Amino acid sequence: CFQCHTDKKAQFRLPHSHPVLSGKMSCSDCHDPHKGSAIKGGGTQLHGRNETCAQCHRAQSGPFVFAHDAVKEGCTVCHDPHGSLNQKMLTQRNATLCLKCHSDLLTPSSPQMGPSGAHGGRFAQGTCWSAGCHEAIHGSQVNSSLRY
């Protein structure tokens, strides 16, 4: 694969990636280069868009009573499966990832912002999940705010 896809080989050399270069998995675990869409479960197949990832990452795929909309859109909304500089192969670092979709939290008039709001100053304490607030980031069985 890497004879043509040299950019992907470089991504797998980033600090956080699937263990392809170490031989613990191969490109064909996720991709089928010989038929239809190159991504297993993609294209016109009946599998959901996350089915390829769910083969290994069952706990993150649910089903959840309250699923995070990002999970419904697909794992690659937040994760780069080939590799990233960020932990967990996240496409962006810290709260920046969340604010990509939840930009309403940035407006000064938002009821969630400010010292008395739910998010008052907490972005400085880490990510939305590592600060201990929305730790059920993929989905929750009991809380629509993905608290647990």
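Along the sequence shown, residues carry numbers from 1. Because only heavy atoms are used, hydrogens play no part in the values below, and waters and symmetry mates are left out as well, while side chains stay in. Small disclaimer: the values here were computed from a predicted structure and weren't measured.
- Counting non-hydrogen atoms of other residues, nucleotides and ligands closer than 6.0 Å to CZ of Phe2 gives a total above 12.
- Between the side chain of His79 and the backbone N or O of Lys88, at least one donor-acceptor pair lies under 3.5 Å.
- For Gly83 against Ser17, the heavy-atom pair with the smallest separation is CA-CB, 3.7 Å.
- Between atom CZ of residue Phe12 and atom NE2 of residue His5 there is a gap of 11.0 Å, rounded to the nearest 0.5 Å.
- Side-chain atoms of His68 come within 3.5 Å of backbone atoms of Ile137 as a donor-acceptor pair (strictly under, hydrogens ignored).
- Across every non-hydrogen atom of Phe64 and Ala59, the tightest pair is CZ-O, 3.6 Å.
- With a 6.0 Å radius and a threshold of 12 heavy atoms from other residues, nucleotides or ligands, Glu135 has its CD atom above the threshold.
- With values rounded to the nearest 0.5 angstrom, Cys101 atom SG is found 6.0 Å from Glu73 atom CD.
- Contact check for Val65 versus Ser140: no side-chain heavy atoms found under the 4.5 Å cut-off.
- The closest side-chain heavy-atom distance from Leu21 to Lys9 is below 4.5 Å.
- Using a 4.5 Å cut-off on side-chain heavy atoms (C-beta onward), Thr91 and Lys100 make contact.
- Across all their heavy atoms, His16 and Leu85 have their closest contact at CD2-O, 3.4 Å.
- When only modelled atom types and interatomic distance are considered, Gln92 and Asn86 share no side-chain donor-acceptor pair under 3.5 Å.
- Under the 3.5 Å distance criterion, the side-chain polar atoms of Asn50 are matched with a main-chain donor or acceptor of Val71.
- Proximity of Ser26 to Val20: side-chain heavy atoms (C-beta onward) are nowhere separated by under 4.5 Å.
- Put simply, the side chain of Asp80 gets close to the backbone of His82: a donor and an acceptor are under 3.5 Å apart.
- How far CD of Gln11 is from NZ of Lys8: 4.5 Å, rounded to the nearest 0.5 Å.
- Minimum interatomic distance between Leu146 and Phe66 (heavy atoms only, all atoms of both residues): CD2-O, 3.5 Å.
- Using modelled atom types, no side-chain atom of Ser84 and backbone atom of Met89 make a donor-acceptor pair closer than 3.5 Å.
- Within the 4.5 Å cutoff, the side chain of Cys133 has no heavy atoms near those of the Cys128 side chain.
- Going from atom CG of Asp29 over to atom SG of Cys56 covers 7.0 Å, rounded to the nearest 0.5 Å.
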